[in-house]
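Comments concern the structure below.
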2 protein chains.
Amino acid sequence: MLDEALTQRSASSTAAWLAAELRRAIVRGELHDGQALPQDELAARFGVSKIPGREALVQLQAEGLVTLIPHRGATVAALSAPEVAEIYAMRIALETLALRHAVTNLTSADLVRLEGLITIMEDERDPLAWSELNREFHARLYAPCRMPRLLDAIQSLHVSVQRCVVAYLTQSNHHREAQHQHRLILRACRRRDVALATRQLSEHLQQAADNIAKLLTPLALKKAAIREREEAHARARANPYLRANSGHRARGRR
Amino acid sequence: MLDEALTQRSASSTAAWLAAELRRAIVRGELHDGQALPQDELAARFGVSKIPGREALVQLQAEGLVTLIPHRGATVAALSAPEVAEIYAMRIALETLALRHAVTNLTSADLVRLEGLITIMEDERDPLAWSELNREFHARLYAPCRMPRLLDAIQSLHVSVQRCVVAYLTQSNHHREAQHQHRLILRACRRRDVALATRQLSEHLQQAADNIAKLLTPLALKKAAIREREEAHARARANPYLRANSGHRARGRR
DNA sequence: GCGATTCTAATCGTATACGCTCATTGCGCG
DNA sequence: CGCGCAATGAGCGTATACGATTAGAATCGC
């Protein structure tokens with residue numbers, strides 16, 4: 001429970017560290033969509049002042065993970081079905097571009113490493129961990145394109161939808177199919193067949209997008225219902241987004 | 001000279017307003033590449049405190065306009081030739097995507113408006129103003145795709161390279177060619193020929209990229225030389241990026 | 001004379017404190 | 001009884017002040 005506080009504050013600035021922590025929490029689903037993120041809570045939670053918290057939020061807003069409305073606070077950005085489709089469309093456009101430039105530069109060492117990643121992923125059962133490995137696989141696949149801004153943009157998009165991927169993997173195990181598609185992409189890369197590799201990457205991503213979209217529509221409705229119910233109790237609770245902070249405050253009244 | 005201070009602080013937050021001002025200044029070329037942006041100077045210049053300045057810088061960093069190194073301050077992001085090429089590659093990928101989705105939704109009113117923009121651009125001689133109109137043309141062309149994140153990303157990329165476009169237009173008048181290409185794209189859109197429209201858009205952007213690249217390599221060398229010379233005088237001047245703030249500080253020592 | 005080291009100054013990063021905006025609750029009016 | 005408006009309160013945004021870190025310069029030792 002204190003792991004956030006104990007985490008190596010390796011990032012040079014507190015703001016960057018906070019941003020990383022919040023990013024992780026959002027991706028892990030610990031903060032659900034639409035969740036309010038009061039600055040005071042953040043400050044108190046992480047034992048710092050508001051300023052670095054504000055900067056972290058600005059940074060995350062740029063990544064599209066939080067919505068920041070002036071004078072009305074920050075909320076975890078909610079992803080609608082069309083938005084997910086949009087992000088995947090952008091991912092296809094950018095990742096095929098990256099792959100196109102990367103295929104030429106992929107060394108045999110890179111290929112071995114990627115193969116190794118697939119093997120590791122084979123045994124990974126935890127959706128969150130698998131999704132992290134998946135992100136790493138894609139990142140390493142594109143890295144040789146030598147386009148830092150492009151890689152950053154791809155990374156950002158990936159993080160934006162990672163929550164959905166995790167939620168999706170949690171119930172329906174897409175692992176099998178994804179593993180197979182990863183192998184196909186890798187094989188095409190090994191043969192330096194750019195056209196084939198990019199086509200298979202497109203199909204891979206498009207399929208993921210379709211599956212998540214199918215999941216998202218009913219899920220959104222369900223979440224809305226939960227939200228409805230929770231908001232009724234919201235006022236009674238002290239810390240909105242923290243799990244069991246020993247809610248021994250504001251209990252009385254009765 | 002006080003126009004920044006007089007500008008309607010329409011943006012709800014001071015940080016957003018500052019970011020907009022700085023963005024404009026960078027695009028206009030008033031702040032050259034690699035220029036240091038000390039927080040205190042910013043605060044004094046705009047008559048505010050450091051905090052909104054910091055947030056503005058964080059925001060601009062996210063847009064790729066400034067580089068922000070912890071404990072070492074902010075500098076205007078320098079664009080190398082490969083970076084420009086990279087950004088244009090991303091633009092082609094994303095803008096063709098946007099156009100593909102927009103062509104279907106383009107109304108006749110949109111087409112009329114776009115035609116009007118081209119006409120206005122015909123008579124515009126000022127490179128900066130033309131570049132703004134150019135940005136608007138592209139933005140309006142893609143707007144009907146109904147993908148807000150994609151449009152934001154495109155806008156951000158466009159702003160990133162706008163400085164180069166302005167610098168390019170200033171000496172070599174690319175207007176003619178661009179105007180022609182815009183008309184071709186628009187004609188294809190009118191015929192709902194998605195393939196043709198996207199292809200011509202690609203060529204349009206690729207050509208711009210090539211031209212800027214040709215310009216940039218010698219320009220970079222020249223700028224480096226200027227930088228070299230300026231840095232020799234840098235210590236004597238009080239305000240690095242402000243013109244004539246009566247530098248009467250730290251003169252002595254002799 | 002040259003290099004490593006310590007000292008200093010400048011600047012960044014963060015904490016505390018205050019003014020202001022916006023949402024909500026209670027009241028009065030139609 | 002429902003709707004619009006004013007007062008209250010919580011939370012955001014910004015200014016001031018201080019501690020921390022880094023780059024540069026003078027000094028000391030070799």
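None of these values were measured; they are calculated from a predicted model. In what follows, every chain begins at residue 1, and chains take the letters A, B, ... in the order their sequences are listed. Because only heavy atoms are used, hydrogens play no part in the values below, and waters and symmetry mates are left out as well, while side chains stay in.
In terms of phosphate contacts, B/Thr14 brings a side-chain nitrogen or oxygen within less than 4.0 Å of OP1 or OP2 of D/dT14.
For the salt bridge (Lys or Arg N to Asp or Glu O under 4.0 Å) test, no residue two or more places apart in sequence or in another chain qualifies with B/Glu124. Every residue meeting the ring pair (Phe, Tyr, Trp, His ring centres under 6.0 Å) condition with A/His158, not counting sequence neighbours, appears here in chain and number order: A/His138. Partners of A/Phe137 according to the ring pair (Phe, Tyr, Trp, His ring centres under 6.0 Å) rule, which considers only residues two or more places apart in sequence or in another chain, are A/His182. Contacts of A/Ser156 classified as side-chain contact (heavy atoms from CB on, under 4.5 Å), with partners at least two apart in sequence or in another chain: A/Glu63. By the side-chain contact (heavy atoms from CB on, under 4.5 Å) test, B/Arg113 is found to be paired with B/Arg140, residues two or more places apart in sequence or in another chain being considered.
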What are the atom names and distances for every N/O pair under 3.5 Å that joins the protein to nucleotides 7-12 of chain D?
{"residue": "D/dC12", "atom": "OP1", "partner": "A/Gln39", "partner atom": "N", "Å": "3.4"}
{"residue": "D/dC12", "atom": "OP2", "partner": "A/Gln39", "partner atom": "N", "Å": "3.4"}
{"residue": "D/dC12", "atom": "O3'", "partner": "A/His71", "partner atom": "N", "Å": "3.3"}

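Between the CD1 atom of A/Ile51 and the C1' atom of C/dT16 there is a distance of 8 Å, given to the nearest Å. Straight-line distance from the CZ atom of A/Phe46 to the C1' atom of C/dA15: 18 Å, rounded to whole Å.
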